[in-house]
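Take a look at the structure below.
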Amino acid sequence: SFGLSARMTSEALRRLFGIKISHQTVVNYTNAAALHLSRFVDESSPKPQGTCAADETYIKVNGISRFTWFIISKVRRAICGWNLSETRGAEHALALIHNCFGPPENPVCETGSLVTDGLPSYDSAVAAYNVEAIKNNHFSIIDKHTVIGLRNLDPESETYREYKQLVERLNRTYKFHTRPRAGFKEFDGAVALTTLFVAYYNFMRPHGSLKGKPPVELECLKGKELYPDQWVELIRQAA
């Protein structure tokens with residue numbers, strides 16, 4: 001599992017398969033695979049459809065809190081945008097929106113609906129994105145909705161609560177797969193593991209609401225049931 005620490009993975013390979021490699025070699029392989037797959041993951045992830053939800057969750061890098069941001073589509077149950085940052089500032093929220101909706105001068109969809117929590121960075125980022133879109137002869141393409149707190153104290157929160165819950169479940173899945181690492185020593189390591197997580201979540205992980213299918217069905221993975229075979233094929237496709 002990509003969520004295991006390098007030492008745990010090295011030990012598992014030795015005890016289960018008799019393969020002796022150092023934990024540093026595991027780290028090197030992980031980083032190389034993530035770098036190799038990065039462009040493929042971005043290009044193969046779906047465009048946002050319908051109403052999407054955004055949220056950020058903290059990770060530990062060298063004992064310091066950093067942040068992973070996700071946007072997920074309710075229609076496809078797929079991750080449509082993601083970003084890692086050192087703070088929860090508006091510039092990082094804007095980078096997330098760019099990653100999902102494309103640059104404002106050439107957006108990937110004409111209109112979009114985005115649900116977030118009350119973090120002010122999202123309001124600033126959406127406003128900045130829409131201003132630039134209008135300057136480039138596009139309409140204000142992102143319609144933002146805010147869900148506040150844990151209880152529905154206003155009509156908007158009640159209407160869009162399910163979207164916030166969707167992205168919160170994604171965050172819990174992400175934490176489940178990264179928790180064995182007990183934090184990262186370097187920021188690049190967090191980026192590498194998150195890249196692999198997005199690949200796994202979008203292209204490989206069976207989803208209950210999709211009748212056991214992954215959010216994005218890749219033709220190259222059809223007929224390949226074992227995760228090792230799927231990883232090898234993804235790396236081959238990215239070559």
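Note that the structure is a prediction, hence the values are computed from the model and not measured.
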I need the minimum non-hydrogen distance between [X] and [Y], along with the two atoms involved.
X    : Y    : answer
A192 : N31  : CB-OD1, 3.4 Å
A90  : A125 : O-CB, 3.9 Å
T195 : S38  : CG2-CA, 4.0 Å

Practice item. Report, as yes or no, whether the 6.0 Å neighbourhood of atom CD on E156 holds more than 12 heavy atoms from other residues, nucleotides or ligands. Key: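 Counting other residues, nucleotides and ligands, CD of E156 exceeds 12 neighbours.
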Check your understanding: NZ of K47: more than 12 outside heavy atoms within 6.0 angstrom?
Key ->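 No, because the 6.0 Å sphere around NZ of K47 holds 12 heavy atoms or fewer from other groups.
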Check: [Y] and [X] side chains under 4.5 Å, non-hydrogen atoms:
X    : Y    : result
I148 : T146 : yes
P48  : S73  : no
I21  : I19  : yes
L166 : I72  : yes
R76  : P46  : yes
C80  : S45  : no
L37  : L196 : yes

Review point. What side-chain hydrogen bond (donor to acceptor under 3.5 Å, both in side chains) pairs are there with at least one residue in residues 88-100, not counting sequence neighbours?
Key: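 Matches after skipping sequence neighbours: E56-R88, T87-H92.
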Check your understanding: Do any pairs count as a salt bridge (charged side-chain N to carboxylate O under 4.0 Å, His left out) and have a residue in residues 101-128, sequence neighbours left out, and if so which ones?
Key ->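 Matches after skipping sequence neighbours: D123-K144.
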Revision key, fill the gap. Contacts satisfying salt bridge (charged side-chain N to carboxylate O under 4.0 Å, His left out) that involve residues 66-75 (not counting sequence neighbours) are K74-E162
Exercise for review: Not counting sequence neighbours, which residues clear salt bridge (charged side-chain N to carboxylate O under 4.0 Å, His left out) with E132? List them please.
Suggested key: K135
Review point. Among all residues two or more places apart in sequence or in another chain, which pass the salt bridge (charged side-chain N to carboxylate O under 4.0 Å, His left out) test with R151?
Key: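 R151: no salt bridge (charged side-chain N to carboxylate O under 4.0 Å, His left out) contacts found.
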Practice item. With side chain to side chain contact (heavy atoms under 4.5 Å, CB included) as the test, would you mind laying out the steps for N171 and T173 before giving the verdict? Key: CA-CA 5 Å; N171 283 340; T173 302; over 6 Å; no
Practice item. Quick one: do T194 and I59 satisfy side chain to side chain contact (heavy atoms under 4.5 Å, CB included)? Show the steps, please. Key: CA-CA 11 Å; T194 304; I59 56 175; 5.6 Å; no
Review point. Residues two or more places apart in sequence or in another chain: which of them pass ring pair (Phe, Tyr, Trp, His ring centres under 6.0 Å) with H36?
Key: none
Exercise for review: Identify, with sequence neighbours excluded, every residue that meets ring pair (Phe, Tyr, Trp, His ring centres under 6.0 Å) alongside Y227.
Suggested key: Y200
Check your understanding: Between T57 and K175, does a side chain to side chain contact (heavy atoms under 4.5 Å, CB included) hold up when you go through it step by step?
Key -> CA-CA 9 Å; T57 187; K175 289 283 189 150; 3.0 Å; yes
Review point. So, the side chain of S44 versus the backbone of F40: is there a donor-acceptor pair under 3.5 Å, distance only?
Key: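 A pair under 3.5 Å: yes.
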Check your understanding: Is a side-chain donor or acceptor of N62 paired with a backbone partner of K185 at a separation under 3.5 angstrom?
Key -> no
Practice item. Apply side chain to side chain contact (heavy atoms under 4.5 Å, CB included) to the pair I79 and L170, showing each step before the final yes or no. Key: CA-CA 9 Å; I79 298 170; L170 168 61; 3.9 Å; yes
Check your understanding: So, S22 and T25: side-chain donor and acceptor under 3.5 Å apart, yes or no?
Key ->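 Per modelled atom types, S22 and T25 side chains form a pair under 3.5 Å.
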Point to revise | Single-linkage hydrophobic cluster, 4.5 Å side-chain cutoff, W82 and F197 together | key: yes
Exercise for review: Check the hydrophobic clustering (I, L, V, M, F, W, Y; side-chain heavy atoms under 4.5 Å; chains of links allowed) and say if Y174 and Y163 are grouped together.
Suggested key: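 Looking at the clustering, Y163 is in a separate group from Y174.
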Practice item. Each residue besides L96 in its hydrophobic cluster should be listed here, by chain and number; the cluster joins Ile, Leu, Val, Met, Phe, Trp and Tyr at side-chain heavy-atom distances under 4.5 Å. Key: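 Other cluster members: Y58, F67, W69, I71, L94, I97, F101, L114, L119, Y122, V126, Y129, I141, I142.
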With [X], which residues qualify under side chain to side chain contact (heavy atoms under 4.5 Å, CB included), at least two apart?
X    : value
R236 : V232, E233
R161 : V147, N152, S157, Q165
T111 : none

Check residues 208-221 and write down every donor-acceptor pair under 3.5 Å in which the side-chain atom is one partner and the other belongs to a residue at least two apart or another chain.
| from | atom 1 | to | atom 2 | distance (Å) |
| --- | --- | --- | --- | --- |
| S209 | OG | R77 | NE | 3.4 |
| S209 | OG | H207 | ND1 | 2.9 |
| E219 | OE1 | K222 | NZ | 3.3 |

